[in-house]
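Here is the structure we will look at.
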Amino acid sequence: MENSQVAAVFDQIADILEIQGENPFRIRSYRNAARSVGDLSERIADYVAAGKDPEDLPGIGESLAGKIGEILSTGTCRTLEDLRKKLPPHLPDLLKVKGLGPRKVKALWDKLNITSLAELKSAAAAGRIRDLEGMGEKTEQNILKGLATLEAEAGRTGIRQATEHAASIRRHLEGIKAIRRLEPAGSFRRRRETVGDLDFLVIASDRAKAADGILRYESIEDVLARGEEKVSARLASGVQVDFRFVEDEEFGAAWMYFTGSKAHNIVLRKRAQKDGLKLNEYGLFRGEERIAGRSEEEVFKALGLPWIPPELREDRGEVDAAERGQLPQLIEREDIRGDLHAHTNATDGANTLEEMVAAAQARGYEYLAITDHSKAVTVARGLNEAALRKQADRVRAYGEKLKGFWLLAGVEVDILKDGKLDLQEKVLAELDWVCASVHSAMELPEDRMTQRLVAAIRSGVVHCIGHPFGRLIGKRDAIRFDPEKVFAACKESGVCLEINSYPDRLDLPDVHCKRACEVGLTMVVSTDSHKIADLDLVEYGIGVARRGWLEKKDVLNTLSASALRKRLKRK
DNA sequence: GCCGTTTTCGGCCCGACTGTTTTCAGTCG
């Protein structure tokens, strides 16, 4: 039972209660509980099994703690099953359509007997929705658009695509004279691995002209809203972009508000309230008087807090940490001194050894580990013992010619189904850097997967576990293992965990990163480069590391080449 | 349903935009 499954039960309960028009605060409790469990790095099943009390988790009281126990043992809970009997099974799906909330869904069901997305589509297409009270032709059109979007986008946009869109939008907006300042906000600014939409804050000398300019952006397919305060559009790619107009004196408060997360904002607002203040997107107010708002620093300061980096604003303890003066000094891109996961054309990389080295040097790195695949990865023409030895000789020979740069002879060796490594340990022991990864048999049951990873970690020849969860965002689920046991084995054997920067992976995920750090593990921010341009993906890995509360000292490849050499010395 | 440095009961974050209405409900973030 995964945390996401427990969270899903609570979210489903909340959905049904909403359609039923239940007490909104009760509904919020279920939503909060879903988030609380979903954000937990430890598995809730293990947490409970270890005898810890779910009531210690934020937003979990006696009732929800009982339901967690019930869900863990039965996969569902009585409350959900009883609620389900009161509605058609697919009715809550309608809530996913943008523009449809619980009240409209209820009306569609009551008045038109619509119980599924398919029925909604045919009713809207047939023009039957416009006759309902409170709905008109526009509503009907928006439902059809919402359905189309739902079918097309299938979820959120990856960070890489979002970054590319943001850069392109910035280039367009820089040419508009009426715009004085533009800053990204939302989950994009918090560097989440996927974003729902892109948010920008705009200071304009003339809002009407600025809006005209924005809407001339060539990739806009559909204008969703245009008001005094905001312009909202959908791009041809399906991504929604919101632009909010703000004034100088409210910019900081607005930036905080639109950066979120929502949960973080609520914590700050409650805190303001306690001091007799009011915090909204226009500023921090005492009565009618705005006491802060121009910059984020000013607002945080007026709340008695230091500035909190956006990556931490998830209501995962950052406000408390800020209050105690214990915010981490987050790692920066510039702290990275080398890359420890790179492929060449010896296996499935696109570039030669020499090209990869030149690219690493051009980025100011002091070292690079060549980690081609081992033989089990046949599709990548993985290396056997003899081929690897030959490559290592070549790597070392070339490395000796390089001044002030350490070229590590390494490998990305497969962890086989039984936990053995894909190459003889004596060959692996000759290398400077051994990254071990799972690429096959990803469906193993949890206990066997845990044993498999622990066996590899305890081999004594492995430095790092590559992309530990093996997930591909939006495409393939994570492999299942007990993180606490695996982390404990890493701690015992001095093995690092990789934060793979590849945008599809971003693995170790942020919450596990935070947990691994608490356990005292060292992470490696690597790119898994398959071509020279991939070396720049490290930016995304840094985003994950920062979201995982990591400091420079928690990441191995912030060490200088000489310090790393000492650290990696084979016994 | 949760929670408590005024409270174990009575609160629970806050505002904009749309579409449908003639003053507002629903939705969104």
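Quick note on labels: first sequence line is chain A, next is B, and so on, each numbered from 1. Every value quoted in this text rests on a predicted model; they were computed, and no experiment measured them. Values below: every heavy atom of this structure, side chains too, minus hydrogens, waters and symmetry copies.
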When the distance from [atom1] of [X] to [atom2] of [N] is rounded to whole Å, what number comes out?
X        : N      : atom1 : atom2 : answer
A:Lys106 : B:dA25 : NZ    : P     : 17 Å
A:Glu228 : B:dT18 : CD    : C1'   : 16 Å
A:Lys270 : B:dG10 : NZ    : P     : 19 Å
A:Arg192 : B:dG29 : CZ    : P     : 13 Å
A:Lys274 : B:dT6  : NZ    : P     : 8 Å
A:Lys98  : B:dC17 : NZ    : C1'   : 14 Å
A:Arg31  : B:dT27 : CZ    : P     : 13 Å
A:Ile19  : B:dT27 : CD1   : P     : 10 Å

Where do N or O atoms of nucleotides 1-5 of chain B meet protein N or O atoms at under 3.5 Å, pair by pair?
| from | atom 1 | to | atom 2 | distance (Å) |
| --- | --- | --- | --- | --- |
| B:dG1 | OP1 | A:Arg26 | NH2 | 3.4 |
| B:dG1 | OP1 | A:Tyr30 | OH | 3.1 |
| B:dG1 | OP1 | A:Lys67 | NZ | 3.4 |
| B:dG1 | OP2 | A:Arg26 | NE | 3.2 |
| B:dG1 | O6 | A:Asn23 | ND2 | 3.1 |
| B:dG1 | N3 | A:Ser29 | OG | 2.9 |
| B:dC2 | OP1 | A:Gly61 | N | 2.7 |
| B:dC2 | OP1 | A:Gly61 | O | 3.4 |
| B:dC2 | OP1 | A:Leu64 | N | 3.1 |
| B:dC3 | OP1 | A:Gly59 | N | 3.0 |

What's the gap between [N] and [M] when it is taken at their [atom1] atoms, as a whole Å value?
N      : M      : atom1 : result
B:dG10 : B:dA16 : P     : 32 Å
B:dG11 : B:dT6  : C1'   : 13 Å
B:dG15 : B:dC9  : C1'   : 29 Å
B:dT23 : B:dG29 : C1'   : 24 Å
B:dT8  : B:dC3  : C1'   : 9 Å
B:dT7  : B:dC12 : C1'   : 13 Å
B:dG1  : B:dT5  : P     : 23 Å
B:dG26 : B:dT20 : P     : 14 Å

Residue pair [X] / [Y], side-chain donor-acceptor N/O under 3.5 Å:
X        : Y        : value
A:Thr115 : A:Glu119 : yes
A:Ser168 : A:Tyr217 : yes
A:Glu314 : A:His264 : no

Salt bridge flag under 4.0 Å for residues [X] and [Y]:
X        : Y        : result
A:Lys209 : A:Asp212 : no
A:Arg43  : A:Glu446 : yes
A:Arg190 : A:Glu311 : no
A:Lys514 : A:Glu518 : yes
A:Asp131 : A:Arg128 : no

Please tabulate, for side-chain N and O atoms in residues 297-308 of chain A, each donor-acceptor pair with protein atoms closer than 3.5 Å (sequence neighbours left out).
| from | atom 1 | to | atom 2 | distance (Å) |
| --- | --- | --- | --- | --- |
| A:Glu298 | OE2 | A:Gly293 | N | 2.6 |
| A:Glu298 | OE2 | A:Arg294 | N | 3.1 |
| A:Trp307 | NE1 | A:Glu296 | OE1 | 2.7 |

Which side-chain N or O atoms in residues 278-291 of chain A pair as donor and acceptor under 3.5 Å with protein atoms at least two apart or in another chain?
| from | atom 1 | to | atom 2 | distance (Å) |
| --- | --- | --- | --- | --- |
| A:Asn280 | OD1 | A:Tyr282 | N | 2.8 |
| A:Asn280 | OD1 | A:Gly283 | N | 3.2 |
| A:Arg290 | NH1 | A:Tyr282 | O | 2.6 |

If pairing requires Watson-Crick or G-U wobble contacts with both distances under 3.5 Å, which nucleotide is the partner of B:dT8?
->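 By the stated definition (distances under 3.5 Å), nothing pairs with B:dT8.
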
Among B:dG29, B:dC14, B:dC12, which is the nearest nucleotide to the side chain of A:Arg244?
->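 Shortest atom-to-atom distance from the side chain points to B:dG29.
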
Protein-nucleic acid N or O pairs under 3.5 Å, nucleotides 19-24 of chain B:
| from | atom 1 | to | atom 2 | distance (Å) |
| --- | --- | --- | --- | --- |
| B:dG19 | OP1 | A:Asn142 | ND2 | 3.2 |
| B:dG19 | O3' | A:Thr139 | OG1 | 3.2 |
| B:dT20 | OP1 | A:Gly136 | N | 2.2 |
| B:dT20 | OP1 | A:Gly136 | O | 3.2 |
| B:dT20 | OP1 | A:Glu137 | N | 3.4 |
| B:dT20 | OP1 | A:Thr139 | N | 3.4 |
| B:dT20 | OP1 | A:Thr139 | OG1 | 2.8 |

Please identify each residue that fulfils side-chain hydrogen bond (donor to acceptor under 3.5 Å, both in side chains) with A:Asp248, with sequence neighbours left out.
->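 With sequence neighbours excluded, A:Asp248 shows a side-chain hydrogen bond (donor to acceptor under 3.5 Å, both in side chains) to A:Arg180, given in chain and number order.
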
Do the side-chain N or O atoms of A:Lys230 get closer than 4.0 angstrom to the phosphate oxygens (OP1, OP2) of B:dG29?
->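 Answer no for this pair, as no side-chain N or O of A:Lys230 is under 4.0 Å from OP1 or OP2.
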
Short side-chain N/O contact from A:Gln273 to OP1 or OP2 of B:dC14, under 4.0 Å |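 Affirmative; the distance criterion is met.
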
What does A:Pro24 touch in the nucleic acid at a heavy-atom separation under 4.0 angstrom: a base, only the sugar-phosphate, or nothing?
->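 If one applies the 4.0 Å heavy-atom cut-off, A:Pro24 turns out to touch nothing in the nucleic acid.
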
Please work out if A:Arg226 contacts a base, only the sugar-phosphate, or nothing of the nucleic acid, heavy-atom cut-off 4.0 Å.
->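 Here A:Arg226 touches the backbone only, sparing every base.
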
Which residues, if any, of residues 246-268 of chain A bring a heavy atom under 4.0 Å of DNA chain B?
->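 Result for residues 246-268 of chain A: A:Tyr257, A:Lys262, A:Ile266, sorted by number.
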
Residues A:Ser261, A:Arg313; criterion side-chain hydrogen bond (donor to acceptor under 3.5 Å, both in side chains); working and verdict = CA-CA 6 Å; A:Ser261 66; A:Arg313 301 182 195 171; over 6 Å; no

If you find the nucleotide of DNA chain B closest to A:Leu95 and the one closest to A:Tyr282, which residue's nucleotide is nearer the 5' end?
-> A:Tyr282

Measure from the ring center of A:Tyr502 to the ring center of A:Tyr540 and say whether it is less than 6.0 Å.
-> no

